[in-house]
Amino acid sequence: MSTLAERFLALHTPGKPLVIPNPWDVASARILAKIGFRALATTSSGYAASVGRRDGQVSRAEALDYAARIVRATDLPVSADLERGFGAGPKEVAETYRLAARIGLAGASIEDASGEADRPLYDIPRAADRVRAAAEAAHGTVQGLVLTARAENFFHGSTDVSDVVARLQAYQEAGADVLYAPGPTDLADIRAIVSSVDRPVNVLLRPGGPGVAELAEAGVARVSVGGGPTFAVYGAFATAARELFEHGTAGYGEAARAGHEATASFGA
């Protein structure tokens with residue numbers, strides 16, 4: 001791995017998790033860096049929203065261009081959300097991660113969701129083949145990438161932790177550096193996942209679920225937030241716009257001042 005990828009992987013410490021927020025544009029990336037976060041990750045849903053689309057409606061070229069802009073925005077390690085790898089077969093998947101390794105990323109992720117309504121997840125052997133292709137491409141360049149493999153069960157109606165574990169163990173054997181099962185909020189489930197694999201585990205921070213301190217106690221090594229903050233910003237914008245439209249007032253002034261302060265250093 002490159003020095004950047006090694007630096008990124010070293011931040012994954014079980015019990016002292018890396019909290020990695022997800023900027024959707026250059027401005028949000030610079031705000032997060034100024035606050036003090038140690039690494040960033042792109043968000044497929046947040047970026048898609050920023051260009052007026054739904055998650056899954058962005059092309060590979062667009063996703064890589066967005067990731068490259070986030071890389072250039074700060075000097076922090078960046079991991080790219082590359083969804084399903086932008087290809088069904090291992091060859092197409094491998095090409096995605098070879099391209100990703102060229103733009104200065106420290107890492108990238110791959111999901112096991114198929115995009116098919118009747119069978120939303122690839123079966124484990126096929127999913128593992130895709131992870132293996134991504135890992136070989138991610139590790140097979142001078143730059144190198146930390147590959148995060150995701151088990152998407154909880155996002156597709158399955159809460160069978162034993163299947164999540166079986167998937168993550170297969171992805172570990174296929175060469176993934178970090179393992180991620182977004183969705184679980186029960187600490188017993190999270191502990192079961194962490195204790196069943198030999199790689200750092202990433203967990204999604206969810207409203208009403210355990211906080212970072214509790215996840216640390218469960219042995220989690222990385223905590224993500226996904227597109228949540230992006231949609232919180234758009235929600236605040238919609239609230240302000242609705243106030244303006246319906247009442248002709250500007251009660252959002254205090255929030256606007258906070259935004260001005262957050263962006264005051266831009267261009268300096």
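- Within a 6.0 Å sphere centred on CD of Glu254, other residues, nucleotides and ligands contribute 12 heavy atoms or fewer.
- No continuous path of hydrophobic side-chain contacts links Leu121 to Val197 [ILVMFWY only; heavy atoms under 4.5 Å].
- With a 4.5 Å cut-off on side-chain heavy atoms, Leu147 and Val131 count as touching.
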Next on the checklist: Using the rule given for side chain to side chain contact (heavy atoms under 4.5 Å, CB included), can you reason through Phe37 versus Ile20, listing the C-alpha separation, both sets of side-chain angles and the distance that settles it, and then say yes or no?
Outcome noted: CA-CA 7 Å; Phe37 287 99; Ile20 186 166; over 6 Å; no

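- A salt bridge links Glu62 with Arg53: the distance from a Lys NZ or Arg NE/NH1/NH2 to an Asp or Glu carboxylate oxygen falls below 4.0 Å.
- Judged by distance alone, with hydrogens and angles left aside, the side-chain atoms of Gln172 form a donor-acceptor pair with the main-chain N or O of Asp198 at under 3.5 Å.
- Annotation: side chain of Arg72 is in contact with side chain of Arg69 (closest heavy-atom distance under 4.5 Å).
- At least one side-chain heavy atom of Asp55 sits under 4.5 Å from a side-chain heavy atom of Glu83.
- You'll find the side chain of Asp163 reaches within 4.5 Å of the side chain of Asn153, heavy atoms only.
- In this structure a side-chain-to-backbone donor-acceptor pair under 3.5 Å is missing from Thr249 to Gly251.
- At least one side-chain heavy atom of Leu40 sits under 4.5 Å from a side-chain heavy atom of Pro21.
- For the pair Phe231 and Gly46, the tightest heavy-atom approach, listed with the atom from each and the gap, is CE1-N, 4.4 Å.
- Counting all heavy atoms, side chain and backbone alike, Pro120 lies closest to His156 at CB-ND1, 3.6 Å.
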Item to check | Trace of the side chain to side chain donor-acceptor pair (under 3.5 Å) decision for Ser158 with Asp160 | outcome: CA-CA 6 Å; Ser158 173; Asp160 181 357; 5.5 Å; no

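- Going from atom CZ of Arg84 over to atom OG1 of Thr96 covers 11.5 Å, rounded to the nearest 0.5 Å.
- With contacts defined as side-chain heavy-atom distances shorter than 4.5 Å, the pair Asn22/Leu32 does not qualify.
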Next on the checklist: Go through it in stages, so that I can follow the logic: the residues are Thr148 and Arg222, the test is side chain to side chain donor-acceptor pair (under 3.5 Å), and I'd like the CA-CA distance, side-chain angles, deciding distance and then a yes or no.
Outcome noted: CA-CA 11 Å; Thr148 299; Arg222 186 167 97 196; 3.2 Å; yes

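- In the hydrophobic clustering of this structure, Ile124 does not group with Val161; members are Ile, Leu, Val, Met, Phe, Trp, Tyr whose side-chain heavy atoms approach within less than 4.5 Å, directly or through other members.
- Side chain of Gln57 to main chain of Arg54: a donor-acceptor pair is present (N/O by atom type, distance under 3.5 Å, no hydrogens or angles).
- For the atom pair His139 NE2 and Asp177 CG, the distance stands at 3.5 Å (nearest 0.5 Å).
- Considering all non-hydrogen atoms of both residues, Pro14 and Ala221 come closest at N-CB, 3.8 Å.
- Smallest separation of non-hydrogen atoms from Gly104 and Leu4: O-CD2, 3.3 Å.
- Between the Glu136 side chain and the Ala133 main chain, no donor and acceptor come within less than 3.5 Å of each other.
- With values rounded to the nearest 0.5 angstrom, Glu6 atom CD is found 12.0 Å from Leu11 atom CG.
- No chain of hydrophobic side-chain contacts below 4.5 Å, direct or via other Ile, Leu, Val, Met, Phe, Trp or Tyr residues, connects Leu168 to Tyr180.
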Item to check | Working for side chain to side chain contact (heavy atoms under 4.5 Å, CB included), residues Val194 and Val220 | outcome: CA-CA 7 Å; Val194 169; Val220 170; 4.3 Å; yes

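- No path of Ile, Leu, Val, Met, Phe, Trp and Tyr side chains, each step under 4.5 Å between heavy atoms, connects Val225 with Val233, placing them in separate hydrophobic clusters.
- For the pair Leu105 and Gln143, the minimum side-chain heavy-atom distance is 4.5 Å or more.
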Checklist entry - Can you check side chain to side chain contact (heavy atoms under 4.5 Å, CB included) on Leu204 and Val223, steps first, answer last? => result CA-CA 6 Å; Leu204 180 66; Val223 177; over 6 Å; no

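- Shown here is Phe266, whose CZ atom has more than 12 heavy atoms of other residues, nucleotides or ligands within 6.0 Å.
- Side-chain contact check for Val93 versus Ile110: some heavy-atom pair is nearer than 4.5 Å.
- Residues Ala29 and Ala73 approach most closely at CB-CB, 4.0 Å, considering heavy atoms.
- How far CG of Leu244 is from OG1 of Thr239: 12.5 Å, rounded to the nearest 0.5 Å.
- Looking at every heavy atom in both residues, Pro210 comes nearest to Ile190 through CG-CD1, 4.3 Å.
- In this structure a side-chain-to-backbone donor-acceptor pair under 3.5 Å is present from Ser114 to Arg119.
- Classification of the Tyr234-Trp24 ring pair by plane angle, with boundaries at 30° and 60°, yields tilted.
- Between the side chain of Thr141 and the main chain of Gly144, a donor-acceptor pair closer than 3.5 Å is present.
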Item to check | Stepwise side chain to side chain contact (heavy atoms under 4.5 Å, CB included) check, Tyr97 with Leu82 | outcome: CA-CA 9 Å; Tyr97 294 87; Leu82 296 180; 3.7 Å; yes

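- The pair Asp129-Arg126 does not count as a salt bridge, with every side-chain nitrogen at least 4.0 angstrom from each carboxylate oxygen.
- One finds no salt bridge joining Arg150 and Asp112 here, because no Lys/Arg side-chain nitrogen approaches an Asp/Glu carboxylate oxygen to under 4.0 Å.
- Note: the hydrophobic cluster containing Val51 does not contain Phe237 (ILVMFWY, side chain heavy atoms under 4.5 Å, direct or indirect links).
- Between the side chains of Asn202 and Ser224, at least one donor N or O sits under 3.5 Å from an acceptor N or O.
- For the atom pair OH (Tyr122) and CZ (Arg130), the distance works out to 4.0 Å, reported to the nearest 0.5 Å.
- A donor-acceptor contact shorter than 3.5 Å is absent between the side chain of Arg132 and the backbone of Gly175.
- The existence of a salt bridge linking Glu95 and Arg98 is confirmed by a sub-4.0 Å separation between a basic side-chain nitrogen and an acidic carboxylate oxygen.
- The distance from atom OH of Tyr47 to atom OG of Ser28, rounded to the nearest 0.5 Å, is 12.0 Å.
- Under the 3.5 Å distance criterion, the side-chain polar atoms of Glu152 are left unmatched by any main-chain donor or acceptor of Pro182.
- Asp81 and Thr43 are not linked by any side-chain donor-acceptor pair at a separation below 3.5 angstrom, with hydrogens and angles left out of the test.
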